[in-house]
S.K.: 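Provided herewith is a single structure, encoded as structure tokens, for subsequent inquiry.
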Amino acid sequence: MKMWGGRFQAETDALMREFGDSIRFDRRLYRADVQGSIAYAGALARVGLISAEEREELTAGLEQVQAEFDAGTFQIEPGDEDIHTAVERRLGELVGPAAGRLHTGRSRNDQVATDLRLYLLDEINSLHKELVALQEAILQQAENHLGVVMPGYTHLQPAQPILFSHWLMAYFWKFQRDRERLANTARRTQVCPLGSGALAGNPFGLDRRALAADLGFDRVSENSVDGVSDRDFVVEFLAWAALTQVHLSGMAEDLILWSSREFGFVELDERYTTGSSLMPQKKNPDALELLRGKSGRIVGHLTGLLTTLKGLPLAYNKDLQEDKEGLFDSIDTLKLELAVAAGVVRTLQVNPDRMETALDAGLLATDLADHLVRQGVPFRESHHLAGLAVRRAEELGCDLRELDLAEYRAIHPAFDGEVYALLDIRRSVEARVSEGGTASTAVKAQIEQAYVNLSI
């Protein structure tokens, strides 16, 4: 069965059919397609284009089509070029000529745009839950290891001491922003294009607002040309996916480093690692490497769709069929990745002793500069003087805590006996009490706020 063809005499070339058909990947839209068709039957009945009996017959037939898909018994036929053709063809087999009335005033252009929005809204709900699960795993570890201190890094060089929980919470807030962006994407996906027809609108007086409400949409598209051609919501989702993927990749990279023998800050659970086919001793962080490695694919899908959309004339073009495979792959990949990432974090074993071993007085050079500032020395000068102290300790083969007071005094008389009390890792951490800082009180406040955010 074709949805078109009266104007054509020649059969479509087999290669063209294979090239143009989308049923192999868009069949996953079947629930949305059935849902949209049931609502459209209701809209047709409200304006008298079909009878109440025909509406009931169409609804029952569509529900049976969905049941067949759900059960895995639906048979795709050679003429089913896409999910819309397949559903309509099977509906005709079930209810007869009444199925031919369902497409009145409806185009596959507004139909597929509606299906894709309905489908994406469902998947956004699933992804939101996976993000929350990952955030909860981070919070659990942050609470369990609140007293653990580790070196903080910039440029991958030891910088200042921070709480391990503070490092964890940095990723919590990244994923919180991802969750907020996902909610914003959902709001802009909540637009119903059904009733736009092919591009010019619907001539049968359908109540588009009632139709949108039946489908759970917040509002209708304002312009029928835009309604069938708009794929901003797909681009926004792919942009969300790309940025979320970047955050997952960053966390994975940190944990790959922290779990290496050279660092040993954490140990990955065996359930999220693999061995080597040659070297018996290996415990490879494959889960994390795949979280990092899939970034190219996810970012590529965003770039691909933006390139497809660039320069398309209004309204619908077959190019827009290319909006789906990258979207579907991004959804499938992120759902699995987020679940795996939550499992990795949840089962992570933390090694406080190794973190403590990596702490040294060099991390406290900023505290030296801050001490001089409190003595009235301008920061730029105190920064230089603290650097001189670091160099002098290196020359003498000792750390800052072992450097003699006379050496400090030779650098600047503002250095006094209090300097040694300052050179304490825990004291340095607990001094950062500002909101968002690494002091335990500040991190506890972050965790408390995080729970509030999760409940919203």
Side-chain angles (χ1 to χ4, degrees), residues 129-154 156-180 243-260 263-269 271-273 285 287-289 291-292 337-359 363 425-426 428-456:
K129 293 175 184 176
E130 297 294 349
L131 269 172
V132 169
L134 174 55
Q135 289 180 291
E136 288 174 340
I138 291 171
L139 279 175
Q140 182 182 25
Q141 288 284 18
E143 286 186 298
N144 290 345
H145 299 94
L146 191 57
V148 176
V149 182
M150 66 175 288
Y153 294 84
T154 64
L156 205 54
Q157 299 296 313
Q160 290 179 287
I162 61 171
L163 292 182
F164 175 67
S165 296
H166 194 50
W167 172 83
L168 281 168
M169 290 303 296
Y171 281 103
F172 176 92
W173 297 114
K174 290 179 187 295
F175 295 124
Q176 178 64 23
R177 293 193 296 274
D178 291 330
R179 202 157 63 89
E180 293 166 0
L243 188 50
T244 301
Q245 180 66 45
V246 167
H247 293 156
L248 286 169
S249 181
M251 185 178 72
E253 172 65 9
D254 278 347
L255 289 175
I256 289 169
L257 288 169
W258 299 168
S259 64
S260 66
F263 282 90
F265 292 174
V266 298
E267 183 175 352
L268 303 176
D269 192 281
R271 289 169 287 180
Y272 296 97
T273 60
L288 295 172
E289 289 174 356
L291 287 174
R292 184 179 60 188
E337 281 187 296
L338 288 167
V340 168
V344 169
V345 173
R346 193 178 300 114
T347 60
L348 201 63
Q349 297 297 310
V350 180
N351 190 344
D353 293 338
R354 285 297 296 269
M355 293 183 187
E356 184 177 354
T357 301
L359 297 167
L363 296 166
I425 294 291
R426 179 67 61 176
S428 176
V429 168
E430 297 301 339
R432 270 69 184 178
V433 295
S434 60
E435 186 173 352
T438 194
S440 56
T441 54
V443 175
K444 286 177 183 177
Q446 283 188 62
I447 293 172
E448 290 172 3
Q449 183 59 49
Y451 277 114
V452 172
N453 286 36
L454 280 183
S455 67
I456 297 174

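Numbers here simply count residues along the sequence, with the first being 1.
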S.K.: Do the non-hydrogen side-chain atoms of Glu267 and Val350 ever get within less than 4.5 Å of each other?
M.R.: no
S.K.: Have Glu180 and Gln176 got a donor and an acceptor in their side chains that come within less than 3.5 Å?
M.R.: yes
S.K.: With sequence neighbours excluded, give me every salt bridge (charged side-chain N to carboxylate O under 4.0 Å, His left out) pair touching residues 432-443.
M.R.: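 Of all non-adjacent pairs touching residues 432-443, those that pass salt bridge (charged side-chain N to carboxylate O under 4.0 Å, His left out) are Asp367-Arg432, Asp370-Arg432.
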S.K.: Just to verify, what does Thr438 make a side-chain hydrogen bond (donor to acceptor under 3.5 Å, both in side chains) with, not counting sequence neighbours?
M.R.: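 With sequence neighbours excluded, Thr438 shows a side-chain hydrogen bond (donor to acceptor under 3.5 Å, both in side chains) to no residue whatsoever.
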S.K.: Within this structure, what is the CG-CG distance for the pair Leu338 and Leu248, rounded to the nearest 0.5 Å?
M.R.: 5.5 Å
S.K.: Residues two or more places apart in sequence or in another chain: which of them pass side-chain hydrogen bond (donor to acceptor under 3.5 Å, both in side chains) with Glu337?
M.R.: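 Glu337: side-chain hydrogen bond (donor to acceptor under 3.5 Å, both in side chains) contacts with Gln245.
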S.K.: Do any pairs count as a salt bridge (charged side-chain N to carboxylate O under 4.0 Å, His left out) and have a residue in residues 164-179, sequence neighbours left out, and if so which ones?
M.R.: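 Salt bridge (charged side-chain N to carboxylate O under 4.0 Å, His left out) check on residues 164-179 returns Asp178-Arg181.
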S.K.: What pair of heavy atoms forms the shortest contact from Met355 to Pro151, and how long is it?
M.R.: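 Shortest heavy-atom contact: O-CD, 3.9 Å.
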S.K.: To the nearest 0.5 Å, what is the distance between OG (Ser165) and CD1 (Ile138)?
M.R.: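 Reported value, rounded in 0.5 Å steps: 11.5 Å.
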S.K.: Are the ring centres of Tyr153 and Trp167 closer than 6.0 Å?
M.R.: no
S.K.: Could you report the tightest heavy-atom contact between Leu288 and Ala252, atom names first, then the distance?
M.R.: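 Heavy atoms only, the tightest pair is O-CB, 3.3 Å.
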S.K.: What residues form a side-chain hydrogen bond (donor to acceptor under 3.5 Å, both in side chains) with Asn351, not counting sequence neighbours?
M.R.: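 Asn351 satisfies side-chain hydrogen bond (donor to acceptor under 3.5 Å, both in side chains) with no residue once adjacent residues are dropped.
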S.K.: Residues two or more places apart in sequence or in another chain: which of them pass ring-ring contact (aromatic ring centres under 6.0 Å, His included) with Phe172?
M.R.: none
S.K.: Looking only at non-hydrogen atoms, find the nearest pair between Pro161 and Leu363 and report the distance.
M.R.: CD-O, 3.5 Å
S.K.: Got a second to check how far His247's NE2 is from Leu134's CG, nearest 0.5 Å?
M.R.: 12.0 Å
S.K.: Do Phe265 and Ser259 make a side-chain contact, defined as non-hydrogen atoms from C-beta onward lying under 4.5 Å apart?
M.R.: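 Not in contact.
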S.K.: For residues 448-456, tabulate all N or O donor-acceptor pairs below 3.5 Å that involve a side-chain atom, not counting sequence neighbours.
M.R.:
from: Gln449; atom 1: NE2; to: Asn453; atom 2: OD1; distance (Å): 2.7
from: Tyr451; atom 1: OH; to: Glu143; atom 2: OE1; distance (Å): 2.7
from: Ser455; atom 1: OG; to: Val452; atom 2: O; distance (Å): 2.6

S.K.: Report yes if some heavy atom in the side chain of Val345 is under 4.5 Å from a heavy atom in the side chain of Met251; otherwise report no.
M.R.: yes
S.K.: Side-chain contact, heavy-atom cut-off 4.5 Å: Met150 with Ile162?
M.R.: yes
S.K.: By side-chain contact (heavy atoms from CB on, under 4.5 Å), which residues pair with Thr347, not counting sequence neighbours?
M.R.: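 So Thr347 forms a side-chain contact (heavy atoms from CB on, under 4.5 Å) with Asp269, Arg271, Tyr272.
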S.K.: Work out which heavy atom in Ala442 is nearest to a heavy atom in Gly437; give both atom names and the distance.
M.R.: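 That would be CB-O, 3.4 Å.
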S.K.: Return the set of residues passing side-chain contact (heavy atoms from CB on, under 4.5 Å) with Glu253 (not counting sequence neighbours), or none when no residue passes.
M.R.: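 Ile256, Leu257, Arg292.
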S.K.: Test side-chain contact (heavy atoms from CB on, under 4.5 Å) on Gln349 and Leu268; report intermediate values, then the result.
M.R.: CA-CA 6 Å; Gln349 297 297 310; Leu268 303 176; over 6 Å; no
S.K.: Drop me the distance from Glu130's CD to Thr244's OG1, to the nearest 0.5 angstrom.
M.R.: 12.5 Å
S.K.: Partners of Glu430 by side-chain contact (heavy atoms from CB on, under 4.5 Å), sequence neighbours excluded?
M.R.: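 Scan of Glu430 (side-chain contact (heavy atoms from CB on, under 4.5 Å), adjacent residues dropped) gives Arg426, Ala439, Ser440.
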S.K.: Restricting to side-chain hydrogen bond (donor to acceptor under 3.5 Å, both in side chains), what partner residues turn up for Asn144, sequence neighbours left out?
M.R.: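 Here no residue qualifies.
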